[in-house]
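Working notes, beginning with the structure itself.
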Amino acid sequence: MKVFDIAPVKFVGGQLLILDQTKLPGEEVYIEAITKEDIWDAIYHLRVRGAPAIGVAAGWGLYISVRGIEAETAAEFAQKVRETAGYINSARPTAVNLSWALKRMLKVMDEYLAGCEEAIALGDTLPEERKIHWVKEVLRMEAEKIQKEDEDACYAMGEYGLSLLKPGMGILTHCNAGTIATAKYGTCLAPIYLGQQQGYNFRVFADETRPLLQGARLTSWELHKSGVDVTLICDNMASSVMKKGWIDAVVVGCDRMAANGDGANKIGTSGVAILAKEYGIPFYMYVPTSTIDLDTPTGDDIKIEERKGEEIYRMWYEKPMAPEGVKTFNPAFDVTDNKYITAVITEKGIVYPPYDVNLRKIKEND
Ligand code: MRU
């Protein structure tokens with residue numbers, strides 16, 4: 001079985017199922033999310049993680065959280081939907097896909113209700129109960145659309161990305177921007193999978209990605225399972241493998257790209273980009289247009305999530321690996337300055353500098 005078949009988020013038989021990524025690679029377990037608290041918890045604790053997958057989970061999560069809500073009027077219902085969206089949005093701050101997906105959901109609700117008002121003004125009678133029923137339907141359809149669009153976007157990024165790579169290349173990646181970080185295929189791992197199907201025989205090097213080990217637990221798991229040649233290295237070995245000449249390209253995902261092309265991604269990404277520049281290796285950032293945030297001017301304006309220090313010194317160990325009470329600093333993301341990014345791969349094409357001009361062109365073409 002190819003790992004393509006493993007979806008991080010599934011809506012089946014009216015149930016929202018989330019692959020609990022904290023259990024990987026040991027166990028492949030799906031948990032059911034029923035309430036808004038379940039969704040918040042799944043996103044906060046990284047049971048579902050990776051910017052696009054968070055967006056997909058947020059869309060479905062909003063729908064399942066409000067489908068059972070009853071209200072006297074559609075306006076009252078809509079207010080509850082807005083409050084629920086605000087709550088889900090507070091789970092993690094950096095990946096823009098979370099707020100992007102929730103805004104999309106609220107927009108279709110508002111548009112539908114505005115349409116109802118127009119119809120009523122023209123003489124239609126629409127009982128509040130019917131409006132509420134149809135708002136729920138509109139939300140369900142939008143969640144489905146977000147998921148499908150992400151799948152298509154990832155496939156397209158795979159094709160564009162593959163055009164930049166050659167058979168037999170050594171490729172380094174950081175964190176996990178694969179199948180389980182998206183609806184399907186991944187962003188920066190999509191070309192690896194498409195290349196695999198076409199006999200490209202890439203040699204992939206996966207940074208372990210401390211402290212939460214997305215590279216070790218998730219990337220090496222999904223590539224290995226798919227039969228891709230993958231070598232796991234510690235984060236501090238990236239320079240060594242580059243110096244040996246084993247790396248021809250670096251591919252990474254993105255959690256939020258500012259209007260000027262600065263891109264926030266998993267902590268450690270910017271160091272890899274700086275190394276790549278030093279060694280003359282192209283550094284490609286895979287950014288679906290849903291992850292481009294034109295309202296954020298530069299990387300300095302991106303809010304970086306800080307997580308508990310125990311993820312660094314306790315989480316993976318039997319005993320704490322630091323003295324009790326030691327100070328820690330645990331930012332979950334860093335920003336790669338646009339000058340280190342050779343190209344941005346989107347589902348609409350490959351974007352080259354000047355990013356402040358060209359990202360806007362591609363995004364406004366949405
Ligand atoms: O903290 P995470 O695991 O959600 O961080 C994920 C990343 O940084 C990914 O590289 C990014 O979301 C791109 S996913 C296609």
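Predicted model only: the values in this text are computed from it and were never measured. Both ligands and their constituent atoms are indexed starting at 1 by order of listing. Sequence positions, counted from 1, serve as the residue numbers for this chain.
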Give one line per pair: atom of ligand 1, protein atom, distance. Only N/O to N/O under 3.5 Å.
from: ligand 1; atom 1: 1 (O); to: Arg92; atom 2: NH1; distance (Å): 3.4
from: ligand 1; atom 1: 1 (O); to: Arg92; atom 2: NH2; distance (Å): 2.8
from: ligand 1; atom 1: 1 (O); to: Lys266; atom 2: NZ; distance (Å): 2.7
from: ligand 1; atom 1: 3 (O); to: Arg49; atom 2: NE; distance (Å): 2.8
from: ligand 1; atom 1: 3 (O); to: Arg49; atom 2: NH2; distance (Å): 3.3
from: ligand 1; atom 1: 3 (O); to: Gln214; atom 2: NE2; distance (Å): 2.9
from: ligand 1; atom 1: 4 (O); to: Gly50; atom 2: N; distance (Å): 3.0
from: ligand 1; atom 1: 4 (O); to: Arg92; atom 2: NH1; distance (Å): 2.9
from: ligand 1; atom 1: 8 (O); to: Asp255; atom 2: OD1; distance (Å): 2.8
from: ligand 1; atom 1: 8 (O); to: Asn265; atom 2: OD1; distance (Å): 3.2
from: ligand 1; atom 1: 8 (O); to: Lys266; atom 2: N; distance (Å): 3.2
from: ligand 1; atom 1: 10 (O); to: Asn265; atom 2: OD1; distance (Å): 2.7
from: ligand 1; atom 1: 12 (O); to: Ala51; atom 2: N; distance (Å): 2.8
from: ligand 1; atom 1: 12 (O); to: Asp255; atom 2: OD1; distance (Å): 3.2
from: ligand 1; atom 1: 12 (O); to: Asp255; atom 2: OD2; distance (Å): 2.9

So, the side chain of Arg49 versus the backbone of Asn176: is there a donor-acceptor pair under 3.5 Å, distance only? yes
Flag this pair as yes if the NZ/CZ of Lys103 is under 6.0 angstrom from the six-membered ring centre of Trp100 and inside a 45 degree cone about the axis; otherwise no. no
Can I get a per-line list of side-chain donor-acceptor pairs under 3.5 Å for residues 270-285, giving both atom names and the distance, sequence neighbours left out?
from: Ser270; atom 1: OG; to: Asp334; atom 2: OD2; distance (Å): 3.1
from: Lys277; atom 1: NZ; to: Lys339; atom 2: O; distance (Å): 3.2
from: Tyr279; atom 1: OH; to: Ser239; atom 2: OG; distance (Å): 3.1

I'd like to check the side-chain contact (heavy atoms from CB on, under 4.5 Å) partners of Asn260; sequence neighbours left out, ordered by chain and number. Ala258, Asp262, Thr298, Asn338
Of all residues at least two apart in sequence or in a different chain, which pass the side-chain contact (heavy atoms from CB on, under 4.5 Å) check with Pro297? Asp301
Can you confirm whether the side chains of Glu83 and Gln79 place a donor and an acceptor under 3.5 Å from each other? yes
